[in-house]
Amino acid sequence: MNAKHLANRDNWQMEARITGDKGEINFNQALAAHLPDHYHIQARPRDLSKIYSGKNGIIPDSKIVNTMTGKCLFVEKKTGNNGGNAHERAYKFLSIPLQEKVSKEFNAASKPFFTVFSGDTFQKPKYKNEISLLLGDQNYAIMDKDFSNIKKVAKQIMEII
């Protein structure tokens with residue numbers, strides 16, 4: 001299956017979901033190994049599910065809590081291996097009113113979202129340049145292959161919360 005575009009693949013949604021789920025699990029496991037014991041990672045927290053539309057709000061991929069400070073950070077993890085627009089769907093977390101509301105109501109960091117990109121797609125200069133420009137000083141990381149920069153990302157998260 002060497003299709004260049006998701007739309008040209010049979011059942012691309014299922015393939016993308018499987019890739020995404022695996023990426024979330026792998027990231028959480030790798031990160032947990034590099035955070036001190038007073039950090040807790042919760043997969044798919046429901047905290048934000050009612051943030052703006054009743055029961056269909058935001059369900060981030062994970063939530064990291066520093067149990068010493070009580071502060072938290074919500075993680076959106078995007079995995080891509082065949083191009084696509086996963087990164088564009090993460091840009092909603094740049095909304096200042098959304099960030100302010102989440103920070104205030106959930107004892108989260110002032111920039112309460114941390115976006116993580118991994119996979120072949122995000123190794124390409126086109127994507128790295130776009131993400132760097134559009135996310136600017138927001139909390140994000142582009143993972144190296146095999147998560148070889150996970151220690152740096154863990155340190156980045158610890159500095160935030």
Side-chain angles (χ1 to χ4, degrees), residues 1-36 39 41-45 48 51 57-64 66 71-103 108-161:
M1 183 177 296
N2 292 322
K4 290 186 177 188
H5 302 285
L6 290 174
N8 294 336
R9 287 189 248 153
D10 293 333
N11 200 6
W12 66 267
Q13 295 95 339
M14 179 61 76
E15 182 182 337
R17 180 74 261 154
I18 291 168
T19 298
D21 288 348
K22 183 178 177 184
E24 293 166 21
I25 292 166
N26 291 345
F27 175 75
N28 285 345
Q29 289 175 343
L31 182 63
H34 295 284
L35 290 175
Y39 285 85
I41 300 173
Q42 178 186 357
R44 298 194 183 176
L48 308 181
I51 195 77
I58 300 168
I59 301 176
D61 297 318
S62 56
K63 174 183 177 182
I64 303 168
N66 177 336
K71 288 287 187 185
C72 70
L73 187 65
F74 294 94
V75 177
E76 185 66 17
K77 171 68 175 62
K78 297 298 183 189
T79 305
N81 290 318
N82 296 303
N85 69 342
H87 61 298
E88 293 172 355
R89 292 191 312 276
Y91 296 156
K92 71 180 175 187
F93 299 109
L94 299 177
S95 164
I96 300 301
L98 175 63
Q99 289 182 7
E100 289 172 348
K101 183 172 181 147
V102 170
S103 179
S110 61
K111 292 181 182 178
F113 299 105
F114 192 95
T115 309
V116 178
F117 303 95
S118 69
D120 294 339
T121 296
F122 301 111
Q123 302 306 308
K124 297 175 183 172
K126 171 193 183 300
Y127 290 90
K128 286 184 175 185
N129 291 338
E130 178 182 334
I131 290 165
S132 174
L133 174 65
L134 295 179
L135 268 67
D137 66 348
Q138 297 296 311
N139 299 323
Y140 78 95
I142 299 174
M143 300 308 301
D144 293 340
K145 288 194 178 256
D146 300 322
F147 291 2
S148 62
N149 60 333
I150 192 69
K151 287 181 184 179
K152 180 180 175 185
V153 173
K155 181 179 178 188
Q156 197 177 345
I157 288 170
M158 287 186 285
E159 289 173 356
I160 297 167
I161 56 168

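As the structure is a prediction and not an experimental result, all values here were calculated from the model.
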**Report entry** V75 side chain reached by F27 side chain, heavy atoms, under 4.5 Å
**Finding:** yes
Query - Test item: N149 side-chain N/O and A141 main-chain N/O as donor-acceptor pair under 3.5 Å - result: no
Query raised in the report: N66 side chain to I161 main-chain N or O, any donor-acceptor pair under 3.5 Å?
Result: yes
Query raised in the report: Say you draw a straight line from CD1 of I157 to CD1 of I150; how long is it, rounded to the nearest 0.5 Å?
Result: 7.0 Å
Query raised in the report: So, are K78 and D61 salt-bridged, with charged N and O less than 4.0 Å apart?
Result: no
Report task. Check K92 against L98 and note the closest heavy-atom contact, atom names and distance. Result -> O-CD2, 3.8 Å
Requested in this report: Mind telling me whether F74 and F113 have parallel, tilted or perpendicular rings, with 30° and 60° as the class edges?
Outcome: tilted
Query raised in the report: Quick one: are R44 and K63 in side-chain contact, heavy atoms under 4.5 Å?
Result: no
Query raised in the report: If you measure from OG on S110 to CD1 on I160, what distance do you get to the nearest 0.5 Å?
Result: 9.0 Å
Report task. For N81 and G119, work out which heavy atoms get closest and say how close. Result -> OD1-CA, 3.4 Å
Query raised in the report: Within a reach of under 6.0 Å around CG of N129, are more than 12 heavy atoms found that belong to other residues, nucleotides or ligands?
Result: yes
Query - Test item: P112 and C72 side chains (from C-beta on) under 4.5 Å apart, heavy atoms - result: no
Report summary line: Residues passing the salt bridge (charged side-chain N to carboxylate O under 4.0 Å, His left out) test with D137, sequence neighbours excluded, are K111
Query raised in the report: Do other residues, nucleotides or ligands put more than 12 heavy atoms under 6.0 Å from K124 NZ?
Result: yes
Report task. Please tell me if the side chains of I64 and Q42 come closer than 4.5 Å, counting only heavy atoms from C-beta onward. Result -> no
**Report entry** Trace of the side chain to side chain donor-acceptor pair (under 3.5 Å) decision for K77 with S118
**Finding:** CA-CA 8 Å; K77 171 68 175 62; S118 69; 2.4 Å; yes
Query raised in the report: Is the shortest heavy-atom distance from the side chain of Q156 to the side chain of F114 under 4.5 Å?
Result: yes
Report task. For the residue pair L35 and I41, establish whether any side-chain heavy-atom pair is separated by less than 4.5 Å. Result -> yes
**Report entry** V116 and Y140: CA distance, side-chain angles, deciding distance, side chain to side chain contact (heavy atoms under 4.5 Å, CB included) verdict
**Finding:** CA-CA 6 Å; V116 178; Y140 78 95; over 6 Å; no
Requested in this report: Say whether, by atom type as modelled, one donor and one acceptor occur between the side chain of S103 and the main chain of A108 under 3.5 angstrom.
Outcome: yes
Query raised in the report: Is S62 reaching over with its side chain to a backbone N or O of A43, donor-acceptor style, under 3.5 angstrom?
Result: no
Report task. Kindly say whether the aromatic ring centers of Y127 and H87 come within a distance under 6.0 Å. Result -> yes
Query raised in the report: Would you say the side chain of F122 lies within less than 4.5 Å of the side chain of M143, judging by non-hydrogen atoms?
Result: no
Query raised in the report: What are the two closest non-hydrogen atoms of Q99 and F93, and how far apart are they?
Result: NE2-O, 2.8 Å
Query raised in the report: Can you name the closest pair of heavy atoms from A109 and L73 and give their distance?
Result: CB-CD1, 4.3 Å
Query raised in the report: Is there side-chain contact between L94 and Q138, with heavy atoms separated by less than 4.5 Å?
Result: yes
Query raised in the report: Do you know which two heavy atoms are closest between K151 and H34, and how far apart they sit?
Result: CG-ND1, 3.4 Å
Query raised in the report: Can a salt bridge be assigned to the pair E130 and K128 using a cut-off of 4.0 Å between side-chain N and carboxylate O?
Result: no
